[in-house]
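Just below is one structure, and these are the notes that go with it.
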Amino acid sequence: MKMIKIKAGELAPPSIKSKTANSFIRNNWRPIALISPTIIYLMLITLFPIINTVDLSFQNVYLTQQFKPIEYIGLKNYSEFLSSREAHDAMIKTLIYLSGIIIQVILGVALAVLMNHYTSHIKGIGVYRVLLSLPIFVTPFVSGILWRYMFGYEFGLIYHIGSFLGLENILWLQSSSLVMLTVVIVDIWQWTPFIFFIVYAGLQGLPKEPYEAAYVDGASHWKTFRYLTLPMALPIITLAAMLRFILSFQAFDTIWAMTQGGPANGSQILPVYLFKAAFSTFNTSYASAIAVLILVFIIIIGQSIGKLLSKEVNRQG
Amino acid sequence: MENVKKRSVITGYILITTVTFLFLGPILWALISSFKPKDLLYTPSLIFTPTIANYQEAISSINFFSHLTNSLIISVSTVLICLILGLPAAYGFVRFKFKMKNSLLFWILSIQMLPPIAAVIALYDLFLSTNLLGTHLAVVIASSIFNLPLTVWMMRSFFQEVPLTLEESAMIDGCTRIQAFFKITLPLVGTGIATTSIFVFLFSWNAYLIPLVLTNRTTQTLPVAITGFVSDSGVMWDQLLPASMLTVLPLVILAIFIQKYIVRGISFGAVK
């Protein structure tokens, strides 16, 4: 059984030790043959879009004006974005949207602790799990539709419940100042289960002994959570929160289904703003500049997620 | 003591059932409403004779089956591409040691984190210039960008669970490395392959932005096609609700099969 061994800290890599330059490939032909198709494929289909997006962002391309001479206009799209009022507004809306993640994490952890506490006592826990996982799996666009129906003015279930309670004039989707709250509520519905499942799996993997000791010592539920569960589960909670955070720029479908960014741009977060710039006003280059800014942001956040994930992966072997 | 415990379990049941219902609410409400006669659609009434008339109308008015076929073609092809490329790669990452292994792995993961919205303009441009815009192939290629990394990472976590010694002993018994892989390892990761396929199928079935931009009227997937019920003048709820339910029905069924592996799927195999 031959294994290609490249030990960390070896003085010279095998490619230099070997007699011919090709021997690195000869020694490693198996992993190269297995992995290179994926690497080459991904490089081909991601490098082009990324380079093209960066390139477009320095030009003045309009989708509708294919035959206009293309000019490089430097950083003009970026400066336009940074000085645009609508863009500022979109950034503020994005921040409001992101703040919902805090609530999702708190609720997700609470639900995980609750479920973990009762796991062995409750029959049919599997059924609850299936049902709770549905918000994760329902087509995000359809989720938007479902909630648009729930919040519908004068016909939605929430409107009916509201008017039963005497609150009939809440314009969940029609008021540009209230609509972000609605979006955040829907997001909590969609993503709390995501946090819950990851944290719950983490809690199930925690050692049992400290809890028995705490029980013997008569520690309260809160103290057990605060001084045992929370410190032990913190890495997994952080991981779940970070994953949720990085996926937040995929938030387009649900909002598009509910409001299309409206009313009066009231729910226009950055991805929606980008989409409208690209496919409603057809300002391809301007939209590309926004895409580049989002990419830079994702790369920065992605670095720290990578570190967290590799810790988790190494810990589990 | 025993009494207190019993009471706490009942509290647990009530709490968990309530929370579950809150999360299920919107789906359940839309499901119930999709069977309502049109005149009751805008009322909270729960007393009605269920009808499938709305389903029939929805199916005939958007050419439902051709969009269903599009969704199936695109999702199944994405699964196949991801498995063909991703399975060997995942195996390679688990069983071999080589330079830059970890950086390559995390480079692959970073692609998963790419938001489709940041890539969609360039993809549109790419497929426009290669005359592929509006084809199934364009959507399949684009959606494999976001699913191949998931495949590699998930399959990696499944391959890791197969002890190397099993393969080694098969090779001592005279199998070649390739025979050992096909006879020993592959059957052991069967569940893993099925689970990964379901996740990829699910995510490409659910995609909206990419097919919205890359398809045309004849190649539209189901989620894109149901947008047709939403117009500036209003929403045709009577048909949109049944069409939405039909779009998510396969997912609900698939979600049951991957229960054990949900966490692995949403954390790229990092949390087991």
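Numbered from 1 within each chain, the chains take letters A, B, ... in sequence-line order.
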Kindly say whether [Y] contributes a backbone atom to a donor-acceptor pair with the side chain of [X] at under 3.5 angstrom?
{"X": "A:Arg30", "Y": "B:Phe96", "result": "no"}
{"X": "A:His160", "Y": "B:Tyr42", "result": "yes"}
{"X": "B:Asn206", "Y": "A:Phe137", "result": "yes"}
{"X": "B:Trp237", "Y": "A:Tyr149", "result": "no"}

For this session: Could you walk me through whether B:Ile266 and A:Ile198 pass side chain to side chain contact (heavy atoms under 4.5 Å, CB included), step by step?
Result: CA-CA 8 Å; B:Ile266 59 179; A:Ile198 297 179; 3.8 Å; yes

Exercise. Would you say the side chain of A:Ile45 lies within less than 4.5 Å of the side chain of B:Leu126, judging by non-hydrogen atoms?
Worked result: no

For this session: Classify the side-chain pair A:Thr139/B:Tyr208 by whether it contains a donor and acceptor separated by less than 3.5 Å.
Result: no

Problem set entry | Set of residues satisfying ring pair (Phe, Tyr, Trp, His ring centres under 6.0 Å) with respect to A:Phe48, sequence neighbours excluded | none

Seminar exercise, completed: Applying ring pair (Phe, Tyr, Trp, His ring centres under 6.0 Å) to A:Tyr128 and not counting sequence neighbours gives none

Exercise. If you count heavy-atom pairs under 4.5 Å between each of A:Gly126, A:Ala278, A:Pro271 and chain B, which one has the most?
Worked result: A:Pro271

Exercise. Under 6.0 Å between the ring centres of B:Tyr124 and A:Phe279?
Worked result: yes

For this session: Please round to the nearest 0.5 Å and tell me the distance separating atom CD1 of A:Ile35 and atom CG of B:Leu105.
Result: 7.5 Å

